[in-house]
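Written below as structure tokens is the structure these notes are about.
All heavy atoms count here, side chains included; hydrogens, waters and symmetry mates do not. Here the structure is a predicted model, which means the values were calculated and not measured. Below, chains carry the letters A, B, ... as their sequence lines are ordered, and counting in each starts from 1.
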2 protein chains.
Amino acid sequence: MKLDQRKRQVLYAIVHNYIQTAEPVGSRTISRRYDLGVSPATIRNEMADLEEMGLLEQPHTSAGRIPSDRGYRFYVDSLLRIPALTKQEITLMKRILSSRMRSAEEIVQQLAKLLSALTNYTAIVLGPRETQVKLRQVQLIPLNDYQLYLVGVTDGGLLLNRMIDIPSGVDAETLESLQRWLNERLAGRPLDQIQTNDLHALKYEMQVSIDLIESVMDELLGSVNQHEVGKVYLGGTTNILNQPEFHDLQKVRAILELLEEDVLVWEAVSQASGDGITVSIGSENPEGVMQECSLVTAEYRLGDGLRGHFGLLGPTRMDYDRVLALVQGVCTTLQQLFNM
Amino acid sequence: MKLDQRKRQVLYAIVHNYIQTAEPVGSRTISRRYDLGVSPATIRNEMADLEEMGLLEQPHTSAGRIPSDRGYRFYVDSLLRIPALTKQEITLMKRILSSRMRSAEEIVQQLAKLLSALTNYTAIVLGPRETQVKLRQVQLIPLNDYQLYLVGVTDGGLLLNRMIDIPSGVDAETLESLQRWLNERLAGRPLDQIQTNDLHALKYEMQVSIDLIESVMDELLGSVNQHEVGKVYLGGTTNILNQPEFHDLQKVRAILELLEEDVLVWEAVSQASGDGITVSIGSENPEGVMQECSLVTAEYRLGDGLRGHFGLLGPTRMDYDRVLALVQGVCTTLQQLFNM
DNA sequence: GTTAGCACTCTCCTAACGAGAGTGCTAATA
DNA sequence: TATTAGCACTCTCGTTAGGAGAGTGCTAAC
């Protein structure tokens, strides 16, 4: 879509003003606050044109204009000017995200808090995955006669843990040798390359019940499976309540109920995200409350192939400038921290 | 406080009716729905008495009465009749809470979901603690030159995991022997009985840097410390939105913000809970939004000394009958499941 | 092509009003 | 003496009407 310079200015002014005030923007406001050098009447004509092009909307006949989803899209694609972050913000990020933390889980939790605090929107962080999972160590810990506890640590420092039912008649020694075998054979080897052949070999080698081996391997593979829905970390869930567009209990309920469903959130974010930073605006989102929201997503990396997605969820009237700046900032900060 | 039979009936009727309808209860309503055998005028006199005693309140002159916090207190202490659970509810509980789950964490998560689904209030479950923590196994897994990963499994099946900084100059062998020592000495022994003596012995025995030992032990002890704030699991956070008393964005925000702060929630629940089932009504709670809520808490046990607290948070106009029945039911169900 | 002027439209706020629900008091009743 | 019927009174809530304010679209002049 092509727009002449003045139309771009008018659209920019409306989006910019509406993002700040949440009030429909009138022609007089624009001519007062933005120096376009033309009168309100001229601006009104431009506004009528922009509305016809589907970039603006009018809540009712005698109100100012607000951007449509397509208007935001044009803004994000062509008008946006990403501001620089302040030094304080950068230092804060570095401090909060520094790897001197207890686990990847904690970093990710902090990331959610950080993002929500800095933006006043809701932050969503999908638990980290490894691009290629290699086990560092596996432990089979018998809990009682019919259950054992499988604990695995991956190369990236992720923790896998599952309870497994033991077929009757498996003794501690068997478990121990199975554990030794697993550690010898699996350590450092990409998990998804384990073939059923290996398992059959194991069966003969070890005389271990194939049931047990299969459940152990199933859990192991299952828990690292890329397609599975992992943990979801949220930050600033209540921030939506600050947005005037959500001063309505129905909407608040809808969005909070959505956020309570890890599966839905996971899917929404993973579907929205692509390479680099992604912006998904209003109706571009899957149907439901999400259509009144915008979602900015990106990929984070915690070194060693440990990676995941995160996003910021706000109203379509989101402060894209700032959000994009912060998302970019977080990505590069993490990169810096984890390449040292 | 003593009340004659008729006053008790009137108070019961008002609390009972108000819990169901959330509307102030008038004298006519009572005489119609509850068979007290007297006219509205008589009931009005009783109501005036009950108000003077501080058990009822009047939102405004020409409205019906609603129970005061003290009124609810009297109801809970003296008038309550706990109903029996239906067979379906009991089966559901057994199914959901059956120990055929992957970990204690998952049981606890399910518990939160179950409680909130059955009651339509918000469920809070504090992560399980062990009365006396004994380690079953410890592993020290080097991640890189300056960090290791400490993973411990307790007798009760709890998972402890912490990242630990390594003082420079510690090699893999040292770690391995430290790990062996820890497993030999700590396995099955109550952790809180470890004395600094043992650590000094270890220092000489092993020639390991005391720094390292200390950080490992600190983390180990710290992560099981009874006073520390642990994980908080919530269920049905949005359920409060169903309550008419929270059809007000200010209140909703206040309570949701509270629920976002694990520390506050943990403290509120642990402070409220005592032996057995506890009910904390409105102003009996710590100041803030909680004063408009009631909290029913109890202790759960997952066998083997693994235990914690859980609670249900709702408006003071909470359905105490049902909530108490369910809380009781959950406790006994868990007992049955984990004593098998 | 741009602008001033003006009639018109729509929202939002406030005040007024009546219906409805419930009380408290008084006087009659069992 | 305890209970009840009757009634005036109070307060909320929903509806309606009117006026201020903001902004538009159109027309005609520049």
Side-chain angles (χ1 to χ4, degrees), chain A residues 3-11 13-18 20-68 71 244-245 247-249, chain B residues 3-11 13-18 20-68 71 244-245 247-249:
Chain A
L3 292 185
D4 65 46
Q5 185 57 19
R6 199 167 62 197
K7 282 202 175 45
R8 295 168 70 96
Q9 286 180 320
V10 172
L11 181 57
I14 291 177
V15 175
H16 188 253
N17 206 272
Y18 185 63
Q20 292 183 328
T21 62
E23 298 287 334
V25 186
S27 53
R28 235 181 80 81
T29 313
I30 296 182
S31 84
R32 245 187 297 120
R33 303 224 186 121
Y34 299 81
D35 190 25
L36 301 198
V38 289
S39 77
T42 311
I43 294 176
R44 277 205 287 282
N45 291 331
E46 299 289 20
M47 278 159 64
D49 290 352
L50 287 168
E51 183 171 359
E52 203 165 349
M53 299 166 82
L55 298 176
L56 294 181
E57 286 171 359
Q58 213 170 3
H60 55 268
T61 13
S62 76
R65 300 301 206 294
I66 62 176
S68 68
E245 33 270 275
H247 276 4
D248 167 15
L249 276 165
Chain B
L3 291 185
D4 65 47
Q5 185 57 19
R6 198 167 62 196
K7 284 202 175 45
R8 295 168 69 96
Q9 285 180 320
V10 172
L11 181 58
I14 291 177
V15 174
H16 189 253
N17 206 271
Y18 185 63
Q20 292 182 328
T21 62
E23 299 288 335
V25 187
S27 53
R28 235 180 81 79
T29 313
I30 296 182
S31 84
R32 246 188 297 118
R33 302 223 187 123
Y34 299 81
D35 190 25
L36 301 199
V38 289
S39 77
T42 312
I43 294 175
R44 276 205 288 282
N45 290 331
E46 298 289 22
M47 278 159 66
D49 291 352
L50 287 167
E51 183 171 359
E52 203 166 346
M53 300 167 81
L55 299 175
L56 294 182
E57 285 171 358
Q58 214 170 2
H60 55 267
T61 14
S62 76
R65 300 300 205 297
I66 63 176
S68 68
E245 32 271 275
H247 276 4
D248 167 15
L249 276 166

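Qualifying side-chain contact (heavy atoms from CB on, under 4.5 Å) partners for Arg8(A), counting only residues two or more places apart in sequence or in other chains: Leu3(A), Gln5(A), Phe74(A), Ser78(A), Leu79(A). Here Gln20(B) pairs with nothing under the side-chain hydrogen bond (donor to acceptor under 3.5 Å, both in side chains) rule; sequence neighbours left out.
Axis angle, first five pairs versus last five pairs of the helix from dG1(C)-dC30(D) to dA30(C)-dT1(D): 20°, rounded to 10°.
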Throw together a table of side-chain donor-acceptor distances under 3.5 angstrom for residues 49-56 of chain B, partners on residues two or more places apart or in other chains.
from	atom 1	to	atom 2	distance (Å)
Asp49(B)	OD2	Lys7(B)	NZ	3.4
Glu51(B)	OE1	Arg65(B)	NE	2.7
Glu51(B)	OE1	Arg65(B)	NH2	2.9

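Distances were taken from every side-chain heavy atom of Arg6(A) (C-beta onward) to each of dT2(C), dT11(C), dT3(C); the shortest belongs to dT2(C).
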Output a table of nitrogen or oxygen pairs between the protein and nucleotides 22-25 of chain C separated by less than 3.5 Å.
from	atom 1	to	atom 2	distance (Å)
dG22(C)	O4'	Ser62(B)	O	3.4
dT23(C)	OP1	Ser27(B)	N	3.3
dT23(C)	OP2	Ser27(B)	N	3.3
dT23(C)	OP2	Ser27(B)	OG	2.8
dG24(C)	OP1	Arg65(B)	NH2	3.2
dG24(C)	N7	Arg44(B)	NE	3.1
dG24(C)	O6	Arg44(B)	NH2	3.2

Is there any protein nitrogen or oxygen under 3.5 Å from a nitrogen or oxygen in nucleotides 17-19 of chain C, and what are the pairs?
none

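Taking CD1 from Ile14(A) and CD1 from Ile66(A), the interatomic distance works out to 10.5 Å, rounded to the nearest 0.5 Å. The OG atom of Ser31(B) sits 5.0 Å away from atom CD1 of Ile43(B), with the distance rounded to the nearest 0.5 Å.
Residue pairs meeting the salt bridge (charged side-chain N to carboxylate O under 4.0 Å, His left out) criterion with at least one partner in residues 22-36 of chain B, sequence neighbours excluded, do not occur; the list is empty. Applying the side-chain hydrogen bond (donor to acceptor under 3.5 Å, both in side chains) definition to pairs two or more places apart or across chains, none involves residues 53-64 of chain A.
Two residues, His60(B) and Gly37(B), neighbour DNA chain D, and the one matched to the more 5' nucleotide by heavy-atom proximity is Gly37(B).
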Asn17(B) and Ile30(B): CA distance, side-chain angles, deciding distance, side-chain contact (heavy atoms from CB on, under 4.5 Å) verdict: CA-CA 8 Å; Asn17(B) 206 271; Ile30(B) 296 182; over 6 Å; no
Please test Thr42(B) against Arg6(B) for side-chain contact (heavy atoms from CB on, under 4.5 Å), starting from the C-alpha separation and ending with a verdict. CA-CA 10 Å; Thr42(B) 312; Arg6(B) 198 167 62 196; 3.6 Å; yes
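Nearest heavy atoms, Ser27(B) versus Arg44(B): OG-NH1, 3.2 Å.
Rounded to whole Å, the distance from CD on Glu46(B) to P on dA2(D) is 11 Å. Counting to the nearest Å, the P atom of dT2(C) and the NZ atom of Lys7(A) are 10 Å from each other.
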